[in-house]
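Report on the structure given below.
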Amino acid sequence: MAETHAHSSYYEEIRSLAAAAREERRRFESPDEDEREERALSYVRRGVAPVTGVYLEGHTGGRNVRFSATELELLHRALNDWLTLYARCYGVRVDPDATVRTAAEVLLQTHSARDVARLLTDTPSG
């Protein structure tokens with residue numbers, strides 16, 4: 001399917017976030033119980049928050065960016081990879097299919113990227 005418009009100025013950042021998520025997922029090893037909380041939080045800070053942040057900034061940062069289909073697919077994949085990693089820290093196997101828009105809506109309601117991960121994976125922390 002051909003792109004209907006060019007990539008946004010966020011393309012390289014989105015590509016980088018998606019590549020990092022895929023690489024982290026590929027090399028994931030379960031953390032020890034005493035490390036799981038910190039590791040899960042690192043996935044929120046390094047992944048869930050930036051992915052959601054790019055989407056929100058593009059739509060609310062006064063620029064009203066129109067993301068390309070490729071960018072939206074990369075954001076979707078990255079978000080779900082980071083969510084999978086978050087849940088796996090707690091021994092929960094999920095294959096989420098959350099949209100970045102839903103993640104952004106949850107973030108706007110809760111003001112917590114950690115809550116985004118917790119709610120979209122149905123994985124309690126701790």
Side-chain angles (χ1 to χ4, degrees):
M1 181 172 181
E3 284 290 326
T4 57
H5 63 281
H7 297 305
S8 75
S9 59
Y10 292 97
Y11 179 70
E12 289 304 321
E13 183 178 1
I14 291 168
R15 231 179 52 141
S16 178
L17 287 166
R22 190 51 44 122
E23 175 61 21
E24 193 68 34
R25 188 169 175 173
R26 185 189 65 74
R27 62 186 184 104
F28 178 84
E29 291 184 20
S30 295
D32 294 334
E33 190 170 332
D34 60 331
E35 297 172 341
R36 73 181 185 182
E37 195 73 22
E38 186 172 325
R39 174 94 66 84
L41 188 55
S42 79
Y43 292 144
V44 170
R45 283 192 301 255
R46 291 179 18 225
V48 175
V51 167
T52 309
V54 164
Y55 182 83
L56 281 171
E57 184 178 311
H59 286 288
T60 64
R63 298 172 61 190
N64 200 19
V65 170
R66 181 173 162 94
F67 294 110
S68 69
T70 299
E71 289 170 316
L72 290 172
E73 178 56 35
L74 288 170
L75 284 168
H76 180 80
R77 188 182 82 201
L79 173 66
N80 287 291
D81 281 347
W82 289 116
L83 291 173
T84 296
L85 290 164
Y86 172 85
R88 287 179 71 188
C89 286
Y90 298 104
V92 176
R93 297 252 182 220
V94 295
D95 191 17
D97 190 27
T99 66
V100 70
R101 179 180 177 161
T102 298
E105 290 170 351
V106 172
L107 182 63
L108 289 172
Q109 291 173 1
T110 66
H111 304 285
S112 168
R114 178 128 203 207
D115 285 347
V116 170
R118 187 178 53 78
L119 293 168
L120 294 181
T121 62
D122 198 28
T123 302
S125 60

What's the shortest heavy-atom distance between [X] and [Y], and which atoms?
X	Y	value
A78	V51	CB-CG2, 3.9 Å
V48	A113	CG1-O, 4.0 Å
A104	T52	CA-CG2, 3.5 Å
A98	L79	O-CD2, 3.8 Å
W82	L17	NE1-O, 3.8 Å
C89	R39	SG-CG, 3.4 Å

With heavy-atom distances below 4.5 Å as the criterion, would you say the side chains of [X] and [Y] are in contact?
X	Y	answer
D122	V94	no
P96	L120	no
Y86	V92	no
D81	E24	no
L107	L56	yes
H76	D97	yes

Which value, rounded to the nearest 0.5 Å, describes the distance between [X] atom [atom1] and [Y] atom [atom2]?
X	Y	atom1	atom2	result
R88	F28	CZ	CZ	5.0 Å
L85	N80	CG	CG	11.0 Å
R118	Y90	CZ	OH	10.5 Å
R66	L72	CZ	CG	9.0 Å

> Under the side chain to side chain donor-acceptor pair (under 3.5 Å) test, which residues partner R26, sequence neighbours left out?
Replying inline: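 For R26 the side chain to side chain donor-acceptor pair (under 3.5 Å) partners, ignoring immediate neighbours, are E23.
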
> When you look at T110 and L119, which way does the side-chain contact (heavy atoms from CB on, under 4.5 Å) test go after all the steps?
Replying inline: CA-CA 10 Å; T110 66; L119 293 168; 4.3 Å; yes

>> Evaluate R114 against E37 for salt bridge (charged side-chain N to carboxylate O under 4.0 Å, His left out), listing each step before the verdict.
In response: CA-CA 11 Å; R114 178 128 203 207; E37 195 73 22; 2.4 Å; yes

> So with a 6.0 Å cut-off around CG of D34, is the heavy-atom count from everything else above 12?
Replying inline: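 For D34, atom CG is crowded (more than 12 foreign heavy atoms under 6.0 Å).
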
>> Take a 6.0 Å sphere around CZ of R101 and say whether it holds more than 12 heavy atoms from other residues, nucleotides or ligands.
In response: no

>> So, using side chain to side chain contact (heavy atoms under 4.5 Å, CB included) as the criterion, who are the partners of R15 when residues are at least two apart?
In response: Y11, E12, L74

>> Given 3.5 Å as the limit, does a donor-acceptor pair link the side chain of E71 with the main chain of I14, or not?
In response: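 No, the answer is negative, given that no donor and acceptor are paired below the 3.5 Å cut-off.
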
>> Please check this pair: side chain of S16 against backbone of E13, looking for a donor-acceptor N/O pair closer than 3.5 Å.
In response: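 Absent.
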
> So F67 and H59, would you call those rings parallel, tilted or perpendicular, with 30° and 60° as cut-offs?
Replying inline: perpendicular

